[in-house]
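Below is one structure; the comments refer to it alone.
Note that the structure is predicted; figures quoted are calculated from it, not measured. Order of listing sets the numbers, starting from 1, for every ligand and every atom in it.
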Amino acid sequence: MATTNLEKFLEYVENNQEHYVQRLREAVAIPSVSSDAAYREHVFKMGEYLGKLCESLGISYEARDVGTQELDGKTLQLPPIILGTYGNDPNKPTILVYGHYDVQPALLEDGWSSDPWVLTEDSSGRLMGRGATDDKGPVLTWFNIIEAHQKLGLELPVNLKMCFEGMEESGSEGLDELIQQEADKYFKGVDAVCISDNYWLGITKPCLTYGLRGISYFKLTVSGPGKDLHSGVFGGTVYEPMTDLTYLMGKLVKPDGTLLVPGIYDNVAALTEEEKAIYGKIDFKMHELHAAVESDTSIYSSESETLMYRWRYPSLSLHGIEGAFSAPGAKTVIPAKVHGKFSIRSVPNMDPERITELVTKYLNDEFAKLGTKNKMTVECIHGAKPWVSNPDHWNYVAAAKATETVFNVKPDLTREGGSIPVTLTFQDALNTNVLLLPVGRGDDGAHSINEKLDKSNLVSGTKLLGAYLYEVAAIERK
Ligand SMILES: NCC(=O)N[C@@H](Cc1c[nH]cn1)C(=O)O
Ligand SMILES: [Zn+2]
Ligand SMILES: [Zn+2]
């Protein structure tokens with residue numbers, strides 16, 4: 001029997017694994033941290049890296065300037081959004097793929113077992129490095145797919161449009177505006193959207209993801225003294241910003257995860273019996289969660305509750321305190337100004353503006369009760385709405401078929417607790433279905449130390465996303 005184009009592609013990918021690892025190594029070596037002004041030049045370098053890849057593969061592209069942002073009192077240029085087009089055949093469907101080329105911060109001293117900016121392969125084929133799974137590995141698979149087709153002398157079965165941003169980890173600044181402006185221009189004719197920027201639920205079974213939580217990220221500032229003070233000289237005689245701040249932060253959430261902001265649960269969509277039944281059917285075991293977090297400190301003991309509290313109920317996490325003493329040693333300082341960082345993961349039908357109102361009122365009321373002479377401000381520094389898609393759409397059916405081709409298993413349908421601000425924007429502005437098709441596993445440790453992508457996932461992910469394009473081209477799209 002003649003070999004199909006898809007079979008040729010799958011075989012080619014299988015035989016070029018080291019090339020894909022090397023490409024990921026180059027990308028991980030660029031520390032494109034979007035949240036820190038000191039790293040901004042590297043975010044630009046990473047955008048240039050993708051631009052060069054586009055050039056080398058004949059992808060027509062534009063590095064779109066989206067203006068500036070204010071960060072830490074400085075005006076910074078936002079990294080460009082890379083818009084690429086590959087193929088323009090009116091007889092083929094057009095798929096828009098999105099990803100991000102910025103990463104979370106990483107320092108060796110945080111506890112990484114190797115330099116986070118040097119992709120390091122261990123004996124089990126784990127490729128460790130910041131951005132390996134979130135989201136450089138998945139972004140590069142699209143280029144791998146195009147390259148494989150060129151090397152094989154094959155046409156892609158679809159037209160591809162690409163949208164890669166460098167600010168996803170910092171609120172996707174500039175992206176929504178660009179999408180609104182370009183909805184009837186650059187993005188015109190898009191039949192469906194595919195995003196690979198999340199993870200399997202566990203470590204063995206692939207999934208398709210149709211929902212995400214939103215996020216409201218807050219900065220709570222308390223200031224008092226005009227400068228840092230000696231605690232031996234001034235301790236006990238002045239109101240201390242850290243004392244006020246930690247008191248307030250302790251009033252936000254209970255250790256069992258219950259949010260303490262009055263009214264915050266009011267709009268949370270009620271759980272129906274139909275929805276409840278879904279959680280029991282998902283292939284997920286508590287030991288997988290324990291393995292992923294490297295402890296057994298889970299709040300709930302059942303799989304269903306754990307999934308519900310990850311996907312469909314809000315959570316509040318305390319992230320850190322800027323301005324506080326945190327180095328080794330025993331500095332006896334009273335910090336003059338401190339900023340507490342926390343975020344609320346929101347769910348249908350919570351509204352970001354209402355969340356900000358409730359949080360601001362509550363913190364102001366609690367602060368007033370302290371009777372301190374310090375000053376307090378609270379601001380939501382970025383936000384995204386929750387997103388839920390239609391998993392019965394042909395886009396999902398195509399992805400499920402591709403999963404069966406590559407993994408020989410039907411994928412689970414999952415939601416996720418993280419946030420990707422652009423999902424809802426694409427869905428609404430382009431009036432199209434959005435699919436999340438993950439490459440990495442649930443234990444990849446995105447945002448954590450020792451983030452990794454298994455080599456087998458890099459390879460199977462390249463096959464999966466390629467096979468998905470074939471299924472999209474073949475499926476009845478209505
Ligand atoms: N892979 C998606 C992801 O990690 N998204 C981030 C988005 C974000 C929002 N604020 C800071 N980062 C997430 O934390 O969910
Ligand atoms: Zn991501
Ligand atoms: Zn991320």
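Here the Zn ion (ligand 3) is the vertex; the OE2 atom in E169 and the NE2 atom in H447 give an angle of 110° (to 10°).
Under the 4.5 Å side-chain criterion, counting only non-hydrogen atoms from C-beta, H290 is in contact with S298.
For F44, there are no ring-ring contact (aromatic ring centres under 6.0 Å, His included) partners, not counting sequence neighbours. With sequence neighbours excluded, the residues that form a ring-ring contact (aromatic ring centres under 6.0 Å, His included) with H382 are Y217. Contacts of K455 classified as side-chain contact (heavy atoms from CB on, under 4.5 Å), with partners at least two apart in sequence or in another chain: Q17, E18, V21, E121, L127.
Under 3.5 Å, the side chains of Y186 and Q181 contain no donor-acceptor pair of N or O atoms.
Residues W200 and F407 place their aromatic rings such that the two centres sit under 6.0 Å apart. In this structure, H100 has its ring center at least 6.0 angstrom away from the ring center of F164.
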I'd like the atom pairs linking ligand 1 to the protein - N or O on both sides, separation under 3.5 Å - with distances to 0.1 Å.
| unit_1 | atom_1 | unit_2 | atom_2 | d |
| --- | --- | --- | --- | --- |
| ligand 1 | 1 (N) | D134 | OD1 | 3.3 |
| ligand 1 | 1 (N) | D197 | O | 3.2 |
| ligand 1 | 1 (N) | D197 | OD1 | 2.9 |
| ligand 1 | 1 (N) | D197 | OD2 | 3.4 |
| ligand 1 | 4 (O) | D134 | OD2 | 3.4 |
| ligand 1 | 4 (O) | H447 | NE2 | 2.8 |
| ligand 1 | 5 (N) | E168 | OE2 | 3.0 |
| ligand 1 | 5 (N) | S419 | O | 2.7 |
| ligand 1 | 10 (N) | H382 | NE2 | 2.7 |
| ligand 1 | 12 (N) | E169 | O | 3.4 |
| ligand 1 | 14 (O) | R345 | NH2 | 2.8 |
| ligand 1 | 15 (O) | R345 | NH1 | 2.8 |
| ligand 1 | 15 (O) | R345 | NH2 | 3.4 |
| ligand 1 | 15 (O) | S419 | N | 2.9 |
| ligand 1 | 15 (O) | S419 | O | 3.3 |

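Among the atoms of D135, no N, O or S atom is found under 2.8 Å from the Zn ion (ligand 2). Residue contacts to the Zn ion (ligand 3): D134 brings an N, O or S atom closer than 2.8 Å.
Remark: side-chain polar atoms of R213 are paired, donor with acceptor, to backbone N or O of Y313 under 3.5 angstrom.
If you look at D197 and ask which of its N, O or S atoms sits nearest the Zn ion (ligand 2), the answer is OD1.
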